Amino acid sequence: MAAAGAEAGAGGRAGQLKSSGLRPGWTTGACATAATKAAYTALLTGEFPDPVVITLPKGQQPAFALAAEELTGAQGRPAAATAGVVKDAGDDPDVTHGALIRSTVRSGEPGTGVVFRAGPGVGTVTKAGLPLPVGEPAINPVPRQMIRDAVAEVAAAHGGSGDVVVEISVDHGEEIARSTWNPRLGILGGLSILGTTGVVVPYSCSAWIDSIRRGVDVARAAGRTHVAGCTGSTSEKVAVAEHGLPEDALLDMGDFAGAVLKYLKRHPVPRLTIAGGFAKLSKLAAGHLDLHSARSQVDKGYLAELARRGGADEALAEAVAGANTALEAVQLCRAAGVPLGDLVAEAARATALGVLLGSPVAVDVICIDRAGTVVGRAEPLGP
């Protein structure tokens with residue numbers, strides 16, 4: 001099984017990042033968390049910690065320098081504290097790299113916990129189908145939890161109640177958001193505060209594709225007979241939970257499904273699990289091998305046709321075609337008992353097997369939603 005010339009070494013996500021030579025960065029969610037922790041500390045103590053250290057979902061504890069700090073209100077009894085952190089996206093070509101992310105923290109009503117507000121440059125959700133209700137600030141669930149955890153930590157350290165209003169803003173965020181999909185998704189007024197791990201994994205096409213190849217080589221050298229190509233950290237967790245795969249059998253595929261499939265065609269492993277978000281895998285189902293939003297889009301007309309094949313009536317098919325997001329489309333179908341998730345997984349498997357044609361690799365597919373819930377699957381099938 002060992003690939004000729006494969007070097008011994010760590011595989012998996014960490015091994016790929018190391019071998020790519022690219023510098024990781026921090027998500028907008030991590031920056032907003034750091035700014036909030038600094039601001040709440042200053043609200044309670046009058047002093048801004050600089051640098052400020054936060055704990056990310058996987059336990060890393062990066063330190064962030066403050067680029068802005070301000071106390072407002074009476075001397076010794078500030079009514080609000082604002083801290084700002086400049087986003088460093090590492091070597092990733094992220095449109096938010098260099099953006100100044102601010103958090104303003106004020107005392108809230110007793111018993112209200114953390115209340116989120118969208119400041120200038122942060123969008124508001126105006127359409128269904130996103131992981132937040134309409135009318136909410138576009139601060140995604142994981143960053144919200146990171147911020148809540150940071151607030152609880154500061155409250156415990158300095159005798160605070162933890163009842164606060166947190167307003168996140170991004171300098172020039174509304175302008176930056178025009179370069180994103182936010183306006184089309186109905187997120188208006190600015191950017192989303194994002195991130196599931198707090199870390200931006202950089203994707204230089206050539207460097208990351210090379211790291212995928214090295215990941216396959218490491219898995220083969222270790223004698224692995226089953227590998228998983230995952231679009232991100234959430235799908236990686238699902239693949240591990242489903243199949244108990246070791247780290248060196250995990251390939252951080254990202255958007256580069258074609259890179260995984262083409263390399264495995266030449267350097268086969270008996271079984272490949274493809275795990276990813278429903279929207280990304282719906283692109284693979286439609287025949288796209290590059291899943292990046294700048295190079296392929298979700299075809300909701302195609303999803304509507306799949307839904308018809310799965311038994312959807314014309315009203316449901318039209319609703320799918322007009323859905324705001326792929327997630328909304330699959331939710332509509334699940335409510336009606338139409339297995340759109342399974343149909344997408346099966347079509348994605350067919351695309352993969354078409355690329356792998358002639359190579360002894362069996363493929364199964366797992367589609368998940370943003371929370372990591374499985375919404376579709378296709379069982380292993382060989383070429």
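The residues of the chain are indexed from 1 along the displayed sequence. Everything numeric in this text was worked out from a predicted model, so none of it was measured.
In this structure, T126 contributes its side chain and G186 its backbone to a donor-acceptor pair below 3.5 Å. Under the 3.5 Å distance criterion, the side-chain polar atoms of N140 are left unmatched by any main-chain donor or acceptor of V142. No side-chain donor-acceptor contact under 3.5 Å links T112 to the backbone of G108. Put simply, the side chain of D369 gets close to the backbone of G372: a donor and an acceptor are under 3.5 Å apart. A donor-acceptor contact shorter than 3.5 Å links the side chain of K283 to the backbone of L291. Side-chain N or O atoms of R349 include one that pairs as donor or acceptor with a backbone N or O of E379 at under 3.5 Å. Judged by distance alone, the side chain of T36 and the main-chain N or O of S103 form no donor-acceptor pair under 3.5 Å. Between the side chain of K300 and the main chain of A323, a donor-acceptor pair closer than 3.5 Å is present. Checking side-chain atoms of E328 against main-chain N and O of N324 turns up a donor-acceptor pair under 3.5 Å. Side-chain N or O atoms of R220 include one that pairs as donor or acceptor with a backbone N or O of P268 at under 3.5 Å.
The shortest distance between side-chain heavy atoms of F278 and V344 falls below 4.5 Å. Side-chain contact check for L66 versus V52: some heavy-atom pair is nearer than 4.5 Å. Using a 4.5 Å cut-off on side-chain heavy atoms (C-beta onward), V238 and I366 make contact. Looking only at side-chain heavy atoms (C-beta outward), L332 and L316 come within less than 4.5 Å of each other. Using a 4.5 Å cut-off on side-chain heavy atoms (C-beta onward), Y40 and L44 make contact. R102 is listed as a side-chain neighbour of D171, based on a closest heavy-atom distance under 4.5 Å. Proximity of V122 to V170: side-chain heavy atoms (C-beta onward) are separated by under 4.5 Å at one or more points. Using a 4.5 Å cut-off on side-chain heavy atoms (C-beta onward), P143 and T27 make no contact.
More than 12 non-hydrogen atoms from other residues, nucleotides or ligands lie less than 6.0 angstrom from CD of Q145. K262 NZ: 12 or fewer foreign heavy atoms inside a 6.0 Å radius. By the neighbour-count criterion of 12 heavy atoms within 6.0 Å, atom NE2 of H172 is sparsely surrounded, having that number or fewer from other residues, nucleotides or ligands. At most 12 heavy atoms of other shown residues, nucleotides or ligands fall within 6.0 angstrom of atom CD in E109.
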- Criterion side-chain contact (heavy atoms from CB on, under 4.5 Å) on V166 and V115, from CA distance to verdict: CA-CA 6 Å; V166 175; V115 176; over 6 Å; no
- Task: Apply the test side-chain contact (heavy atoms from CB on, under 4.5 Å) to residues L250 and D248: give CA-CA distance (whole Å), side-chain angles for both, the deciding distance (0.1 Å), then the verdict.
- Result: CA-CA 6 Å; L250 302 174; D248 61 9; over 6 Å; no
- When you look at D342 and R377, which way does the salt bridge (Lys or Arg N to Asp or Glu O under 4.0 Å) test go after all the steps? CA-CA 5 Å; D342 292 341; R377 65 171 75 240; over 6 Å; no
- For the pair S107 and V164, evaluate side-chain contact (heavy atoms from CB on, under 4.5 Å) and give the outcome as yes or no after the intermediate values. CA-CA 5 Å; S107 295; V164 292; 5.7 Å; no
- Can R271 and V227 be said to form a side-chain contact (heavy atoms from CB on, under 4.5 Å), step by step? CA-CA 6 Å; R271 182 171 172 188; V227 296; over 6 Å; no
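Between atom OG1 of residue T28 and atom CD1 of residue I193 there is a gap of 4.5 Å, rounded to the nearest 0.5 Å. Here OG of S192 is found 9.5 Å from CD1 of I139. Values are rounded to the nearest 0.5 Å. Atom-to-atom distance recorded for H288:NE2 and D299:CG is 7.0 Å, nearest 0.5 angstrom. Separation of atoms OG1 (T82) and CG (L71) is listed at 8.5 Å; rounding is to 0.5 Å. E47 contributes atom CD, which lies 11.0 Å from atom OG1 of T41 (distance to the nearest 0.5 angstrom). Here the straight-line distance linking atom CE of M253 with atom CD of E236 works out to 11.5 Å at 0.5 Å rounding.
The hydrophobic cluster containing I368 does not contain L340, counting ILVMFWY residues as joined when their side-chain heavy atoms lie under 4.5 angstrom apart, directly or transitively. Connection of L343 to L284 is not established within any shared hydrophobic cluster, with ILVMFWY side chains joined at heavy-atom distances below 4.5 Å, either directly or through further cluster members. Cluster membership check: I176 shares its hydrophobic cluster with I168, using side-chain heavy-atom separations under 4.5 Å among Ile, Leu, Val, Met, Phe, Trp and Tyr. Note on L306: it does not cluster hydrophobically with V365, by side-chain heavy-atom contacts below 4.5 Å among ILVMFWY residues. A continuous path of ILVMFWY side-chain contacts below 4.5 Å connects L132 to I187, so both sit in one hydrophobic cluster.
In terms of heavy-atom proximity, L303 sits nearest to S282 at CD2-CB, 3.9 Å. Nearest approach of K37 to I54, heavy atoms of both residues: CD-CG2, 4.1 Å. Considering all non-hydrogen atoms of both residues, P183 and A177 come closest at CD-O, 3.6 Å. Nearest approach of A30 to F64, heavy atoms of both residues: CB-CZ, 4.1 Å. Summarising the geometry of Y302 relative to A347, their closest heavy-atom pair is OH-CB, 3.4 Å, with the distance given to 0.1 Å. Closest approach of S233 and T197 over heavy atoms only: OG-CG2, 3.1 Å.
Under the side chain to side chain contact (heavy atoms under 4.5 Å, CB included) test applied with V363, the options L381, L353, V355 reduce to a single match, L353. Of the residues listed (V260, L281, T231, L251), the one engaging I274 in a side chain to side chain contact (heavy atoms under 4.5 Å, CB included) is L281, and it is the only one.
A salt bridge between E136 and R144 is present, with a side-chain N of the basic residue lying under 4.0 Å from a carboxylate O of the acidic one.
T273 and H226 form a side-chain donor-acceptor contact under 3.5 Å, judged by distance and modelled atom types alone.
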